[in-house]
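What follows is a set of notes on a single structure, which appears directly below.
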Protein chains: 2
Amino acid sequence: MWRTYDGLVNEMSDTDQGLGLRELKKRQSRIAMHRAALELVSEHGLNGVTVEAIAHRAGVSTRTFFNHWSTKESAIIGVLSAGDDEIAERLRHLAEDQGPQQALRTVMREAISSAPIDAGLRELKKQVMAKEPRLHSLSTGNLHSVQTEMVEALAEVLEGEDAQERAMLAVQIGFAVTRTAFAVSMSRGIDLGTAFDEVLDRYDAADGIF
Amino acid sequence: MWRTYDGLVNEMSDTDQGLGLRELKKRQSRIAMHRAALELVSEHGLNGVTVEAIAHRAGVSTRTFFNHWSTKESAIIGVLSAGDDEIAERLRHLAEDQGPQQALRTVMREAISSAPIDAGLRELKKQVMAKEPRLHSLSTGNLHSVQTEMVEALAEVLEGEDAQERAMLAVQIGFAVTRTAFAVSMSRGIDLGTAFDEVLDRYDAADGIF
DNA sequence: ACAGAATCTGCACTCAGTAAAATATTGCAT
DNA sequence: ATGCAATATTTTACTGAGTGCAGATTCTGT
């Protein structure tokens, strides 16, 4: 089965044990495309770059490009919800121990922390993201499917008649914090995870901010 | 000057006084396109409808379609930030009287309440929105420009070193509430404005929801 | 080495959105 | 009412994203 890949671009350097040549080439190919996309966008801007150009620099056909990435932007970002269901499942699981609120926070924090890209690319990506606002909204996942799955999972845990709507609100606020963390991490050039912690502190402290 | 229209589709019936034939036709044309878009999407689904088809049913050329709407989706929704700057300006103004927090709430509420579409279309639109999740994210404005302008305006009012980041967080939470209100209004079939009020109540009441 | 599966590629296609120039319509001044 | 300027529409032609398909290649297990 061959699904469009919207997952994470992993480094391969050391962690290639027992993966098979096929899987290894797939990863190399993905990194090549991701890198090519970042470099070209950095050089010519988001609108100055065609998929054809990216594919060419990465040494693949444009058709292959779309076998790996669902859109031009996804190749640039190189990251999107590693698997909608898994996140929801993790949320359900954590909620048993930590309770709904803390579980939600933990899941959010985990979801953004997992970004093991090549160190050289990280800098380039940061620079590109800063110059192309269009990419922000995508990276913070306005992706409907994840949100609805999370709401669903959370609603099961929360009890009461209005569980559904409280879950909606909670998830939306969670995303709001995440988006803010994203912006902060970009503008100050700090790690996304620590930015998240900071914003969360601010959120807890801030009374009457909205 | 002729800008792509991303504003509101207004009813023309009674409020046509002294608008000139030119402006009037413009409105008729927009409503025709908006209606055609809704009807066709309702019939064939979002992906089953081309701009060409919409334009044809509305009796205009496809090029004219894009003179009025920046994307296919915007014609379906028929609403988007009536003018990025104006909202920010309104925010600045309100903040003087009401203070930043209340001003932000008021602006948000105003921005969504102004939806004076034809009553017949409202029902159709509700139905279409319920079936096409892709449209949700658009209607709640992931539009970067509005957000940044609002953050900027709010940051001026807020004082202190971290004004910028507090403003970001506040605006993001505001949008979170709005998005939730949107979802609630869809799922329960109630007015967007009242949904907003309800969610806001819940937000104020809810402690430890996130 | 061989069969079968996974992946890549080229080709043809649809459709969104833009550009530019020609044409039509409206507003206004006379 | 008539002609001129501004504004809106159309036609035509184009770029580029994304998909479907069929055939070639490359990997995997045996």
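These figures come from a predicted structure and were not determined experimentally. Residue numbering restarts at 1 for every chain, and letters A, B, ... go by the order of the sequence lines.
- In this structure, CD of A:Q28 is placed 11 Å from P of D:dC27, rounded to the nearest angstrom.
- Listed by first then second residue, pairs satisfying salt bridge (charged side-chain N to carboxylate O under 4.0 Å, His left out) with a partner in residues 181-194 of chain B read A:E165-B:R188, B:R188-B:E198, not counting sequence neighbours.
- Counting to the nearest Å, the P atom of C:dA6 and the NE2 atom of A:H68 are 15 Å from each other.
- In this structure A:K25 satisfies the side chain to side chain contact (heavy atoms under 4.5 Å, CB included) test together with A:L21, A:Q28, sequence neighbours excluded.
- Rounded to a whole Å, the CG atom of A:N67 is 16 Å from the P atom of D:dA22.
- OP1 or OP2 of C:dT9 has at least one side-chain nitrogen or oxygen of A:T64 nearer than 4.0 Å.
- As a whole-Å value, the separation of B:H56 NE2 from D:dT11 P is 11 Å.
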Contact string for nucleotides 13-20 of chain C, one letter per nucleotide 5' to 3', B = base within protein heavy-atom range under 4.0 Å, S = sugar-phosphate only, - = neither, reads --SSBBBB

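- Scanning for side chain to side chain contact (heavy atoms under 4.5 Å, CB included) contacts around A:A170 gives A:L104, A:L154, B:I209, with sequence neighbours left out.
- Heavy atoms from other residues, nucleotides or ligands lying under 6.0 Å from CD of B:E132 number more than 12.
- In terms of the salt bridge (Lys or Arg N to Asp or Glu O under 4.0 Å) criterion, residue partners of A:E43 (sequence neighbours excluded) are, by chain and number, A:R57.
- Counting only residues at least two apart or in different chains, salt bridge (charged side-chain N to carboxylate O under 4.0 Å, His left out) contacts with residues 167-178 of chain A are absent.
- A:E156 is linked by a salt bridge (Lys or Arg N to Asp or Glu O under 4.0 Å) to A:R92, counting only residues two or more places apart in sequence or in another chain.
- A straight line from CE of B:M33 to C1' of D:dA8 spans 11 Å, rounded to a whole angstrom.
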Pick out the pairs of N or O atoms, protein on one side and nucleotides 23-26 of chain D on the other, that lie under 3.5 Å.
residue: D:dT26; atom: O2; partner: A:R22; partner atom: NH2; Å: 3.2

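- Qualifying side chain to side chain contact (heavy atoms under 4.5 Å, CB included) partners for A:D197, counting only residues two or more places apart in sequence or in other chains: A:R109.
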